[in-house]
S.K.: 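Take a look at this one; I'll ask things after.
In the text below, chain A, chain B and the rest are named by the order of the sequence lines, each starting its count at 1. Because only heavy atoms are used, hydrogens play no part in the values below, and waters and symmetry mates are left out as well, while side chains stay in. As the structure is a computational prediction, the values presented were derived from the model and not from experiment.
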Amino acid sequence: MKYDFNQIEEKWQDYWAKNQTFKAENNSEKPKYYVLDMFPYPSGAGLHVGHPLGYIASDIYARYKRHQGFNVLHPQGYDSFGLPAEQYAIQTGQHPAITTAENIKTYRRQLDQIGFSFDWSREVRTSDPKYYKWTQWIFIQLFNSWYNYKSEKAEDISELIKIFEVEGNANVNAACDDTIEFFTALDWNIYDDVKKQEILLQYRLTYLAETEVNWCPALGTVLANDEIVNGVSERGGHPVVRKKMTQWSMRISAYAERLLKGLETIDWTDSLKESQRNWIGKSVGASVTFHVKNHDKVIEVFTTRPDTIFGVSFMTLAPEHELVLQITTPEQKAEVEAYIEATAKRSERDRMADVKTISGAFTGAYVEHPFTKEPIPIWIGDYVLAGYGTGAVMSVPCGDQRDYDFAKHFDIDISNIFEGVDISEEAFADKEKTIIANSDFLNGLSHKEATKKVIQELEKLGQGQGKTNYRLRDAVFSRQRYWGEPFPVYYVDGMPQMIDAKYLPIELPEVEKYLPTETGEPPLGNATKWAWCTETNTVVDNDKIDNKTVFPLELNTMPGWAGSSQYFNRYMDPHNDQEIFSKEAIDYWQQVDLYIGGSEHATGHLLYSRFWQKFMFDKGYVNHDEFAKKLINQGMILGTSAFVCKITDFALTYGEDIKIKDDAIEISLEELEIRNDVVKKLESRFSNTFISFDFLEETFNEQFKRFPLFIRAKEVEPLKNIFLKEGFDENITLTVNPYHVDIQFLKVVKEGANFKYTDELVVDKFKNWRQEYEKSELISDINGVFKVFRDVEKMSKSKYNVVNPDQICEDYGADSLRLYEMFLGPLEQYKPWNTAGITGVHSFLKKLWKLYIGENGLNVTDTEPTKDSLKTLHKTIKKVKEDIENFSFNTSVSTFMIAVNELTAQKCTSKDILEPLLVLISPYAPHIAEELWSKLGHNESISTAPFPKFEEKYLVESSKNYPISFNGKMRFTLELPLDMSKEDIEKTVLENEKTQEQLQGRTPKKVIVVPGKIVNIVG
RNA sequence: GCUGAAGUGGUGGAAUUGGUAGACACGUUGGACUUAAAAUCCAAUGGCCAUUAUGGCCGUGCGGGUUCAAGUCCCGCCUUCAGUACCA
């Protein structure tokens, strides 16, 4: 009987579905265990081989825990709101809900064919109104809460109102906007309703405020900091600019300290915790107030080194600092304004890319030193960021490299306050260890002592106090997009009001088009009919009323992370339409025991989820203020792509149209008009039409007046328009890198380069392409014109390097895929996908099958197991158990191979060996395990069979093959009884003729005997 | 720059507390079976030298050190990957 994996796998997948084998009960006698995967975004490209890596690992763990007798919750769902579906909708008019549903169908089919033990009865989809009802509900809870630093938790906003009514806000220590003004109870009680609401908004955990946001023009929306990578949007790589907009924000900064402290209580990877720590960015120091001379103004700075206050040579303000224009003297006005204008023009990205250039301007104004009362000049400089601290720094050039560079550049006096440090040297000594000098009352003190002392003194003067600053900013929560959760919000007199929770969900209305309205409102502004709210909190349809006051609704939608910030709790009770989850459900499941997912979510999803969890904890909805006890990051499986570049020949041939420069090709603007011609010529030159050109407008480099890119022939016109629109003159040069090559050509490359499973290998590498190709591996040189490089990078549709698991499941089966993905290497490691080794695990499965099923049927008998077989079995049990518990899945696959090889060699047929072996293998290769299990006569699924017990006694040996080494080098081995004494071992070894041969008559200086381990003879 | 992780055969990767480096696979070579191929099975496979056999030398990024013994521990470098970055 052959191992017919296709038939077997289909059979058991049907069986599991039909019998709901993996359905988790909320009531059970068994202990619970909650294994969670990060749910996928169902993209149009379908599942690729990288997705299942983490899912397979968690599935093995979940199945293992079932064998251990746990009631396992192992759910799956979809993070189904998001940009790509909407971008697709804009292009095609197809409703995102439809494409999303289609994609989910594909994902489900692909997930099912791998044989995961998910409890699909608990599936959630973030775009399902039944689900996002609760996302909206949480939003309302956040709106109705404030953060009390005294109790260190979120409290109901009604408590705050009570305090205001009785004593005003002077004694309130809350997370709130810095612009808050003090008022008394008297004031509060006479404020009108709008004023009261305005004030409360400054305290709410989600609030509406005008903030500087990251605006992405190409996507038409704002983005959170973690959605921007290297200054461009994470999705699509579009440029991002700073812009002031009225936006919903989440007051995550209130939780900064708890988010930081909480990291100590959870078993997450160190690198991930470190990322979160950096992101939160706690720094302890002091805030110091400086009085501006001849002005009734103060400048507040934050510093981590208040002890260096006597070293302050100048102040530096961010160019955007609000006081700059007020304090600038008439003489300096022109210079300062010019500088401000120049920095405003530079994009954030330029500013980031160019940290070396020192620039700034003197305002002409001075502050007074708090102790010496000396005047200190005030400068502005773009190395000071408006968004961090107060946007102002006290500059201590003898202590800080940047301040030093700035002072040198502008020739500002540098005073030295460090003992024994030569400030003419650019490399500074470790300042934390240096004694303070030239600093009045701080002289002779260490960093620590001086810091303490100076804060005391500043407090006496009323000009400062100790302060802790966090880098973590509040998270912008509005998106000007269609495909997201609508806010349960309407406006009265411009103030936001919550729609009563009983009307939830506020469903996403239909729109004609998914673009902003003509008046520039978000896409929801196009909706003509949707549930909305009147004054009396009655939800009615827009078109059913008239003559009544109509209140505007919130037209923004929530960001992608809204739906994923509590989904792990919703799985506990996913069909509950009365509550987000019942108390019984959360009391039973508590929190996620094991969470597996990618580290790319370190500062996004994983931070926001922790924040919401802490909020839910404060409100008493959950029992733990961390949602996941343990978290493992699976590494990414990378795709192989090829790209082609450098066409020297082409430039020479077409030298009249195109010039070569720095290995790139330049085309002047006039030549753009004949570009179509050029392309035609090129196409005939390289007959197979494989050249096309591509460009991206946003990569225009202003500094060099270049597009470091490729041009696609048909897109010449739009490019030219952009060019002229931007007002660049006609002599501008385009730098063209013509390596975007078409599929036809790559098929040739592919055959030559012997790729497997990669049908399309085109990559757009518009960023740093020279570096990229220099780094990559040259795999082919075609006619000396094209060079083909192979590179390994993240799988993505746009790189044409996606490998999906379907073909592998068909050719080798899901069990092979599961084993192979585990066998590739350690779970956490990044690794390129390469199918070369899959035959290894596949033939292992065939050998396993043959061990049980011979030519004439079942090979398994009731014979007594041999000693050797028992030893093989028990050493396998031990190793596999340890491996699973250490998440070292790759080594258990080897262990299985060894076990099967040994048992085959032993011709083992004993049921007592082969039956437990199946349970060991079943988490890894569940289909074949189920099939063989049933062939052994079981009517029940193997999935709850108890995990075999390891017994030491079968491994006990009577002798050991000792390695005998001379000066640490192993020469030969010697079989000796394990109960032999140290002395006897030494004696036996020394008497051995091989030892004598090695010693050649010399007397050993020393003999080391480690019983059970090794013998080392030192000569 | 800072933080974190990692460097082991032709390849992916093994190696508990320091104790036989290269498990298990892939690939390669040779052989068996076959008209042939596939599949399957057997053998060899870190490098160099030597060989009738026994062998010998070198080997875990580089340079030192500790130790009877170092891939593993310590010090100093180099490289790669990832994250982060005028954070005051």
S.K.: Taking only side-chain N and O atoms of A:Gln829, does any of them lie within less than 4.0 angstrom of OP1 or OP2 on B:rA5?
M.R.: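 No.
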S.K.: Side chains of A:Tyr388 and A:Ser283: any donor to acceptor distance under 3.5 Å?
M.R.: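 Yes, A:Tyr388 and A:Ser283 have a side-chain donor paired with an acceptor closer than 3.5 Å.
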S.K.: Indicate whether the side chain of A:Glu828 and that of A:Thr269 have a donor and an acceptor atom separated by less than 3.5 Å.
M.R.: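 No donor-acceptor contact under 3.5 Å links the two side chains.
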S.K.: Counting distance alone, no hydrogens or angles: does the base of B:rU16 have a donor or acceptor under 3.5 Å from a partner atom on the side chain of A:Lys878?
M.R.: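 Check fails, no donor-acceptor contact within cut-off.
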S.K.: Ignoring hydrogens and geometry, is there a side-chain-to-backbone donor-acceptor pair from A:Tyr962 to A:Gly1012 under 3.5 Å?
M.R.: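 Yes, A:Tyr962 side chain to A:Gly1012 backbone: donor-acceptor pair under 3.5 Å.
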S.K.: Between A:Phe406 and A:Tyr383, what is the ring plane arrangement, given parallel below 30°, perpendicular above 60°, and tilted in between?
M.R.: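 Ring orientation, 0 to 90° scale: tilted.
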S.K.: So that I can tick it off, tell me whether A:Asp4 and A:Lys2 are bridged by a salt bridge, with the cut-off set at under 4.0 angstrom between side-chain N and carboxylate O.
M.R.: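 No.
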S.K.: Is any side-chain N or O of A:Arg471 closer than 4.0 Å to OP1 or OP2 of B:rA85?
M.R.: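 True: A:Arg471 side-chain N/O within range (under 4.0 Å) of B:rA85 OP1/OP2.
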S.K.: Starting at atom CD1 of A:Ile838, determine the distance to atom P of B:rG27, rounded to an integer number of angstrom.
M.R.: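 After rounding, the gap between these two atoms is 12 Å.
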S.K.: For a quick test of reading the model, state the closest non-hydrogen atom pair linking A:Asp883 to A:Ser892 and the distance between them.
M.R.: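 Heavy-atom minimum between the residues: OD2-N, 3.2 Å.
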S.K.: We want to know whether A:Tyr339 and A:Ser359 form a side-chain donor-acceptor pair, criterion being a heavy-atom distance below 3.5 angstrom.
M.R.: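 There is such a pair between these side chains.
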S.K.: Quick one: which protein N/O atoms are closer than 3.5 Å to N/O atoms of nucleotides 43-54 of chain B? Pair and distance per line, please.
M.R.:
none

S.K.: Could you check which residues of residues 889-896 of chain A get a heavy atom under 4.0 Å from RNA chain B? Sort them by number, please.
M.R.: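 Residues of residues 889-896 of chain A that come under 4.0 Å of RNA chain B are, in numerical order, A:Asn890, A:Thr891, A:Ser894.
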S.K.: Please tell me if A:Arg402 has a side-chain N or O lying less than 4.0 Å from either OP1 or OP2 of B:rC87.
M.R.: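 Answer yes for this pair, as a side-chain N or O of A:Arg402 is under 4.0 Å from OP1 or OP2.
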S.K.: Going by the glycosidic torsion and a 90 degree boundary from 0, is the base of B:rG9 oriented syn or anti?
M.R.: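 With its glycosidic angle within 90° of zero, B:rG9 counts as syn.
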S.K.: Quick one: A:His842 NE2 to B:rA25 P, roughly how many Å, whole number?
M.R.: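 Computing the A:His842:NE2 to B:rA25:P distance gives 16 Å.
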S.K.: Are A:Lys879 and A:Glu882 close enough for a salt bridge, meaning some N to O gap below 4.0 Å?
M.R.: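 Looking at A:Glu882 together with A:Lys879, the answer is no, because their closest N to O distance does not fall below 4.0 Å.
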S.K.: Please list, for nucleotides 56-62 of chain B, all pairs of protein and nucleotide N/O atoms separated by less than 3.5 Å.
M.R.:
{"residue": "B:rC57", "atom": "OP2", "partner": "A:Arg971", "partner atom": "NH1", "Å": "3.3"}
{"residue": "B:rC57", "atom": "OP2", "partner": "A:Arg971", "partner atom": "NH2", "Å": "3.4"}

S.K.: Is it true that A:Lys282 and A:Glu257 make a salt bridge, defined as a side-chain N closer than 4.0 Å to a carboxylate O?
M.R.: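 Yes.
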S.K.: Please work out if A:Phe823 contacts a base, only the sugar-phosphate, or nothing of the nucleic acid, heavy-atom cut-off 4.0 Å.
M.R.: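 The answer is base, as A:Phe823 lies within the cut-off (heavy atoms under 4.0 Å) of a base atom.
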S.K.: Check nucleotides 63-69 of chain B against the protein and report each pair of N or O atoms closer than 3.5 Å, with its distance, or say if there are none.
M.R.:
{"residue": "B:rC68", "atom": "O2'", "partner": "A:Asn1016", "partner atom": "ND2", "Å": "3.0"}
{"residue": "B:rC68", "atom": "O2", "partner": "A:Asn1016", "partner atom": "ND2", "Å": "2.8"}

S.K.: So which atom in A:Tyr812 and which in A:Phe5 form the shortest heavy-atom distance, rounded to 0.1 Å?
M.R.: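 Taking every non-hydrogen atom into account, C-CE1, 3.4 Å.
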S.K.: Can you tell me the distance, in whole Å, between the CZ atom of A:Phe972 and the P atom of B:rU20?
M.R.: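 Between P of B:rU20 and CZ of A:Phe972: 16 Å.
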S.K.: Answer yes if the ring centres of A:His369 and A:Phe310 are under 6.0 angstrom apart, and no otherwise.
M.R.: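 Centroid separation for A:His369 and A:Phe310: below 6.0 Å.
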S.K.: Could you check which of B:rG13, B:rG4, B:rC86 has an atom nearest any side-chain atom of A:Ser271?
M.R.: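 So the nucleotide nearest the side chain must be B:rG4.
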S.K.: Compute the centroid of each ring, for A:Phe314 and then for A:Phe410, and state whether the two points are separated by less than 6.0 Å.
M.R.: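 No.
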S.K.: Give me the stems containing RNA chain B, sorted by first residue, counting only three or more consecutive Watson-Crick or G-U pairs with both distances under 3.5 Å; say none if there aren't any.
M.R.: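 Stem list for RNA chain B: B:1-7 with B:78-84, B:10-12 with B:24-26, B:27-32 with B:40-45, B:46-49 with B:55-58, B:61-65 with B:73-77.
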S.K.: Would you say a side-chain N or O of A:Tyr388 is under 4.0 Å from OP1 or OP2 of B:rA88?
M.R.: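 Checking A:Tyr388 against B:rA88: at least one side-chain N or O falls below 4.0 Å of OP1 or OP2.
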S.K.: Is there a donor-acceptor pair under 3.5 Å between the side chain of A:Lys467 and the backbone N or O of A:Val288?
M.R.: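 Not confirmed, A:Lys467 side chain does not pair with A:Val288 backbone.
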S.K.: Between B:rG13, B:rA88, B:rG19, which nucleotide has the shortest distance from any of its atoms to the side chain of A:Leu385?
M.R.: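 The closest nucleotide is B:rA88.
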S.K.: Assess the side chains of A:Thr390 and A:Glu300: does a donor N or O sit below 3.5 Å from an acceptor N or O?
M.R.: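 A:Thr390 vs A:Glu300: no donor-acceptor pair found between side chains.
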S.K.: So which atom in A:Ala450 and which in A:Asp307 form the shortest heavy-atom distance, rounded to 0.1 Å?
M.R.: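 That would be CB-CB, 3.5 Å.
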S.K.: Rounded to the nearest Å, what distance is computed from the NZ atom of residue A:Lys273 to the P atom of nucleotide B:rG4?
M.R.: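 After rounding, the gap between these two atoms is 14 Å.
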S.K.: Looking at A:Glu986 and A:Lys982, does any basic side-chain N land under 4.0 Å from a carboxylate oxygen?
M.R.: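 Answer for the salt bridge query: no.
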S.K.: Which pairs, protein N/O on one side and nucleotides 36-42 of chain B N/O on the other, fall under 3.5 Å?
M.R.:
none

S.K.: A:Leu824 or A:Tyr470: which one's nearest nucleotide on RNA chain B is closer to the 5' end?
M.R.: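 The answer here is A:Leu824.
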S.K.: As a test of reading the structure: which of B:rA21, B:rC24, B:rA88 is closest to the side chain of A:Met970, going by heavy atoms?
M.R.: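 Nearest to the side-chain atoms of A:Met970, counting from C-beta on, is B:rA21.
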S.K.: Check the distance between B:rG1's C1' and A:Asp400's CG and give it to me in whole angstrom.
M.R.: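 Nearest whole value for this atom pair: 13 Å.
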S.K.: So which heavy atom on A:Ile414 is nearest to which on A:Ala407, and how close?
M.R.: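 In terms of heavy atoms, the two residues are closest at CG1-CB, 4.0 Å.
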S.K.: I need the CG-C1' distance between A:Asn278 and B:rU84, as an integer number of Å.
M.R.: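 Roughly 6 Å, once rounded to whole Å.
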S.K.: I need the CZ-P distance between A:Arg305 and B:rC87, as an integer number of Å.
M.R.: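 Those two atoms, CZ and P, are 15 Å apart.
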S.K.: How close do A:Ala925 and A:Leu845 get, heavy atom to heavy atom, and via which atoms?
M.R.: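 So the minimum-distance heavy-atom pair works out to CB-CD2, 4.1 Å.
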S.K.: Remember a base hit wins even if backbone is also touched, and classify A:Asn961 as base, sugar-phosphate or nothing at under 4.0 Å, heavy atoms.
M.R.: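 Base contact.
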